[in-house]
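Comments concern the structure below.
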There are 2 protein chains.
Amino acid sequence: MPDVEDAVRSVRRDSRRRQVLDAAVAVMQRTGYHEMSMQALAGEAGVSVGLLYKYFGGKEEILLAAVLDILDSFGDQLAPAMEEAGDDPVERLAAGFRRYVEIIDLDRDAVLLTYRESRTLSPAGRERIKQLEVATAAPLRAALADGVDRGLMRALDPDLVVYDLMLLAHGWALKDWHFAPIYTVEAFVRAQIALMLSGIVAPAHRRRYRHLLEP
Amino acid sequence: MPDVEDAVRSVRRDSRRRQVLDAAVAVMQRTGYHEMSMQALAGEAGVSVGLLYKYFGGKEEILLAAVLDILDSFGDQLAPAMEEAGDDPVERLAAGFRRYVEIIDLDRDAVLLTYRESRTLSPAGRERIKQLEVATAAPLRAALADGVDRGLMRALDPDLVVYDLMLLAHGWALKDWHFAPIYTVEAFVRAQIALMLSGIVAPAHRRRYRHLLEP
DNA sequence: GGCGGGAGTGAATGATCGTTCACTGCAGCT
DNA sequence: AGCTGCAGTGAACGATCATTCACTCCCGCC
């Protein structure tokens, strides 16, 4: 049964790759992409330098893989959280934003990494990052479009608001030296939701969402 | 009169430094800090490599000086624009935000630079960057605090909102691949002001600011 | 006209680092 | 026991680059 052997090989390959990527993220959070030598990465990952080149094409490919890995792990998390919030677009939007900030909070440095090191990537790599970001934001965008359609939200441009929300969520990582001393994650999320929703929810429906609009 | 000679020397020194910093910003926008060799920088600036070390302590000092230079040029621009808007805190806030986005638009790459390369700076350098950012934001913060005090704005935390506004303004540079295809600067500013102010202005005073609240 | 010294030069240096490749060890097969 | 090929190793190579320094040039002054 050669299939079994292939499967075993494939699993081993994946776990080795993850081992290297985890080490890469760790080293890069400590210093940065350019400061990370392949020798240091090999040491952190507990493998030899040569092996890195068996699993990756080179240093930049490791950076791309690491960043995509991070963004991928963000991707599928919003939809489930929004599902739990039920059918109401405003509730869904709030739940999605909350989850997004919570994910970011778990790994603030990873978000910083994507902002800091994107430029060093090839244009093709940057393109994939953008697409992943759009894909992650899609559920939020859908909730916005739905809310506008149903008249629960003012006639805003979902494409504007969804990126505003992404920026504010990223802000929890980008400006954590400003926010972290004065807010907990929970308080930050509540305050941002209250602020943004009062600009988003249609005046006629404000009372219905009082629990979200009061910080 | 030795004072005159000293003054001449000082002016020449400043202009040389600016010449180098301008070249540095240009090269770094094209590639990035780590990709910029001192040889390439010297070529771009039209001076020899050795001269760079007469005017700066080293490569990192050039990076710090370049970033501080950029942020400094942002610093003094908000207050005058807000002065022109009169005494009303809401009008002042809108005018300040508008000016901030306009400055950023003039040099989007410079903003990107500050986000990308901050980490490579020493902690002391990063500290100075944060302080400059706080100083730049101070007039906006003051308008917010004033508006809350006078009851024209809802009882929000100025420290939260002011950084939200900064983040959204930076977003024009950070996410220009998203915003630029669908918005002009003018449209972007109007839409953001309309969105944020409807979350900020106290309900009782909404009518007074209709010209800002309608995109 | 010679001199002091500040401004400017750029080849040489030494260290770092990404990448390569000749090698070892070992698991499974005959 | 011998063979095959895959996983893994790490010293060596070549290129790059920040930094230095011995040098030139020239201006203003005695």
Side-chain angles (χ1 to χ4, degrees), chain A residues 1-24 26-28 30-66 117 120-122 125, chain B residues 1-28 30-67 117 120-122 125:
Chain A
M1 239 193 280
D3 299 349
V4 172
E5 275 174 37
D6 279 6
V8 167
R9 226 198 311 273
S10 169
V11 167
R12 261 213 281 264
R13 238 192 118 69
D14 279 3
S15 100
R16 265 281 191 251
R17 281 179 64 96
R18 204 171 307 274
Q19 176 186 357
V20 171
L21 291 184
D22 287 349
V27 177
M28 286 162 79
R30 232 176 298 131
T31 60
Y33 171 73
H34 290 94
E35 286 73 18
M36 175 185 77
S37 73
M38 295 300 268
Q39 281 81 357
L41 171 57
E44 176 91 12
V47 300
S48 67
V49 177
L51 196 67
L52 298 177
Y53 287 86
K54 302 266 200 232
Y55 285 90
F56 297 92
K59 194 181 176 186
E60 192 182 312
E61 200 180 302
I62 292 178
L63 170 62
L64 178 61
E117 311 294 3
T120 60
L121 255 23
S122 68
Chain B
M1 239 192 280
D3 300 348
V4 172
E5 276 176 35
D6 279 4
V8 167
R9 224 197 314 272
S10 169
V11 167
R12 260 214 281 266
R13 237 191 119 70
D14 280 3
S15 100
R16 265 280 193 250
R17 282 179 64 96
R18 203 172 308 276
Q19 176 186 356
V20 171
L21 290 183
D22 287 348
V25 171
V27 177
M28 286 163 81
R30 234 178 294 129
T31 60
Y33 171 73
H34 295 277
E35 286 72 19
M36 175 186 78
S37 73
M38 296 299 269
Q39 280 83 355
L41 171 57
E44 175 90 15
V47 301
S48 68
V49 178
L51 197 66
L52 298 177
Y53 287 86
K54 302 266 201 232
Y55 285 90
F56 296 93
K59 195 181 175 186
E60 193 183 311
E61 199 180 304
I62 292 178
L63 170 61
L64 178 60
V67 171
E117 312 293 3
T120 60
L121 254 26
S122 66

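Atoms considered below: every heavy atom in the structure, side chains included; atoms not considered: hydrogens, waters and symmetry mates. Just so it is clear: chains get the letters A, B, ... in the order the sequence lines come, proteins before strands, and each one is counted from 1.
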Under the side chain to side chain donor-acceptor pair (under 3.5 Å) test, residues paired with R16(B) that sit two or more places apart: Q19(B)
NE2 of H34(B) to OG1 of T31(B), rounded to nearest 0.5 Å, is 10.5 Å
Kindly compute the distance separating CG (L63(A)) from CE (M36(A)), expressed to the nearest 0.5 Å. 7.5 Å
For residues 38-56 of chain A, run the donor-acceptor check on the side chains, cut-off 3.5 Å, and write out each pair with its distance to 0.1 Å, sequence neighbours left out.
unit_1	atom_1	unit_2	atom_2	d
E44(A)	OE1	R30(A)	NH2	2.9
E44(A)	OE2	R30(A)	NH2	3.1
S48(A)	OG	L51(A)	N	3.4

Nucleotide-resolved protein contact map, nucleotides 9-26 of chain D, B/S/- at heavy-atom distance under 4.0 Å: BB------SBBB------
May I have the distance from L41(B) (atom CG) to dG10(C) (atom C1'), rounded to whole angstrom? 15 Å
Counting any heavy atom closer than 4.0 Å, what does Y55(B) reach on the DNA or RNA strands: base, sugar-phosphate only, or nothing? sugar-phosphate
Salt bridge (charged side-chain N to carboxylate O under 4.0 Å, His left out): pairs with one or both residues in residues 55-64 of chain B, sequence neighbours excluded: none
